[in-house]
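Just below is one structure, and these are the notes that go with it.
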Amino acid sequence: MALENSVFPSRPDSLSLPVEEKGEGEEVEVATEATASTRVFNVSEELGHVVTTETTPSPPTSAKVNRSFQDKLAEREANAIQPRKKTQGTEKERGRFGWARARRKRQRYVEKNGRCNVQHGNMRETYRYLTDIFTTLVDLNWRCSLFVFVMAYAVTWLFFGAIWYLIAYCRGDLDHLEDETWTPCVNNVNGFISAFLFSIETETTIGYGHRVITDQCPVGTMLLLLQAILGSMVNAFMVGCMFVKISQPNKRAETLVFSKHAVISLRDDKLCLMFRVGDLRSSHIVGANMRAKLIKSKQTQEGEFIPLDQTDISVGFETGDDRLFLVSPLVISHEIDARSPFWDMSQAQLEKEDFEIVVILEGMVEATGMTCQARSSYLAEEVMWGHRFSPMMCLAEGFFDIDYGAFHHTFEVDTPSCSARELSLAAARLDAHLYWSISSRLDEEPTLASPEAKQPDGGSANSKTGETTFIVGEMTDIQEQTGLGELNGSVATDQSESEA
């Protein structure tokens with residue numbers, strides 16, 4: 001079989017392979033002596049003869065040739081479609097000229113840990129930082145704060161130590177060190193090092209008693225008062241900065257956690273955007289308040305481009321649901337209604353959108369009484385459509401047990417992929433259809449009338465024979481109404497049919 005496709009127009013008899021034919025629909029096995037032995041026939045086009053070569057023995061194989069033409073055609077089409085499926089799965093977004101390009105990942109406005117990803121540059125009015133030097137020192141990082149703290153004390157000690165040395169040098173105290181009759185300004189100050197140590201003892205109020213100021217130096221007395229006052233101010237300023245920096249509630253926000261993803265699913269037959277927030281500490285946040293913002297660039301009708309426009313997302317401000325009692329993890333819900341920025345957003349459109357949702361939790365720390373703020377954000381790809389948060393609370397013996405291992409877990413639920421607007425319109429159509437169908441049925445429902453009811457113009461033949469009659473429309477008083485009742489009923493029926 002392999003030699004049939006050779007370049008030879010005809011096949012020699014010595015190369016003919018024995019073929020055992022079987023009935024139609026059965027398998028035809030082609031077995032050759034060349035495959036059973038260790039010799040393989042190789043055809044040389046240049047020499048025109050058959051050459052046998054030694055090869056390694058291989059197990060006997062059988063070729064199945066009972067496949068129909070339709071099976072081969074189907075296999076060929078399947079092999080042709082398979083590469084197309086692979087390319088469709090890895091298809092990228094096309095650019096303006098049809099070139100493939102990967103979707104650019106959005107730069108976060110607020111990081112997941114709450115840090116704002118904004119840097120201020122080209123600021124020329126830097127003097128404004130000096131007008132609020134206390135806040136500037138508090139906002140510095142710890143390395144700069146410790147450097148400023150050490151240098152504040154070292155500079156003041158060196159400055160006043162140099163002044164004490166200058167006084168001793170100008171008065172001539174350094175020239176009369178061995179003269180016992182000489183009264184110096186400061187006893188036992190014989191150089192700059194001793195003057196520097198005296199400055200440290202004065203400012204820190206240590207007072208070892210070896211170096212003391214005498215009453216023969218009024219300039220030294222004034223300098224002593226000045227150093228005591230300035231030293232107290234430096235102590236108050238630097239200790240205050242360090243205390244405020246240590247007691248800042250920024251680290252308290254580390255124990256306020258947000259879920260990694262936000263979800264969109266139905267809640268009370270309405271699409272809602274939900275995320276979870278929890279507090280890891282046993283000390284609670286007093287007066288916790290939740291806010292949410294949508295960060296998305298937009299263009300106005302006049303053509304003005306507004307980058308990173310902020311739109312408020314209601315999380316229960318009108319109903320008071322934004323004020324939280326954060327004892328256990330809570331699921332914050334935003335109902336997607338006509339005032340929501342997600343009113344026209346469907347599942348397919350969500351995958352193409354480029355926005356960021358910033359969530360902010362504010363409250364007062366119970367231990368210190370200082371206001372704390374925790375922040376996080378969700379990009380468009382971090383919003384999961386058709387998911388719901390897993391429950392994480394169970395009732396134990398005498399208390400409620402919370403499993404924080406399921407804090408970020410979600411599971412899929414049946415959720416329509418249409419937008420909230422389309423869902424609302426579909427619900428309105430269904431309600432209108434039910435209303436009109438029920439009302440039309442009520443209007444067309446026959447009313448059983450009594451055989452004693454009087455008919456206009458002396459009654460009909462049915463009333464005379466005593467048979468029951470049905471009046472369509474509103475029921476009239478049988479005892480008082482006559483032919484006018486049937487007339488009113490027919491008019492009401494015509495009106496209901498026209499309304500339907």
Any sub-3.5 Å donor-acceptor pair from Q310's side-chain atoms to L294's backbone N or O?
no

Indicate yes or no: does R211 engage E201 in a salt bridge with an N to O separation below 4.0 Å.
yes

S424 side chain to A420 main-chain N or O, any donor-acceptor pair under 3.5 Å?
no

Trace of the ring pair (Phe, Tyr, Trp, His ring centres under 6.0 Å) decision for F196 with F159:
CA-CA 9 Å; F196 177 70; F159 175 73; over 10 Å; no

Sidechain N-carboxylate O distance under 4.0 Å for K112, E382:
yes

Can you tell which of N289, I332, V315 makes a side-chain contact (heavy atoms from CB on, under 4.5 Å) with L324?
I332

Rounded to the nearest 0.5 Å, what separates atom OG in S314 from atom CZ in R339?
6.5 Å

Is S259 reaching over with its side chain to a backbone N or O of R276, donor-acceptor style, under 3.5 angstrom?
yes

Under 3.5 Å, is there a donor-acceptor pair between the side chain of R421 and the main chain of A338?
no

For K270, does its backbone N or O pair with a side-chain atom of D268 as donor and acceptor, under 3.5 Å?
no

Classify the angle between the aromatic ring planes of F258 and F275 as parallel (below 30°), tilted (30 to 60°) or perpendicular (above 60°).
tilted

Please identify each residue that fulfils ring pair (Phe, Tyr, Trp, His ring centres under 6.0 Å) with F198, with sequence neighbours left out.
W164

Is it true that atom NZ of K245 has more than 12 heavy atoms of other residues, nucleotides or ligands lying nearer than 6.0 Å?
yes

Given 3.5 Å as the limit, does a donor-acceptor pair link the side chain of Q227 with the main chain of S199, or not?
yes

The residue among K293, R108, E111 that forms side-chain hydrogen bond (donor to acceptor under 3.5 Å, both in side chains) with S377 is R108

Under 3.5 Å, is there a donor-acceptor pair between the side chain of T135 and the main chain of D132?
no

Can the ring centroids of F237 and F149 be said to lie less than 6.0 angstrom from one another?
no

Is the backbone of P416 close enough, under 3.5 Å, to the side chain of W385 for a donor and an acceptor to pair up by distance?
yes

Note: D279-R281 ion pair, threshold 4.0 Å (strictly below):
no

Is there any side chain to side chain donor-acceptor pair (under 3.5 Å) pair reaching into residues 393-415, and which pairs are they, with sequence neighbours excluded?
H387-T410

Do R291 and Q373 make a side-chain contact, defined as non-hydrogen atoms from C-beta onward lying under 4.5 Å apart?
yes

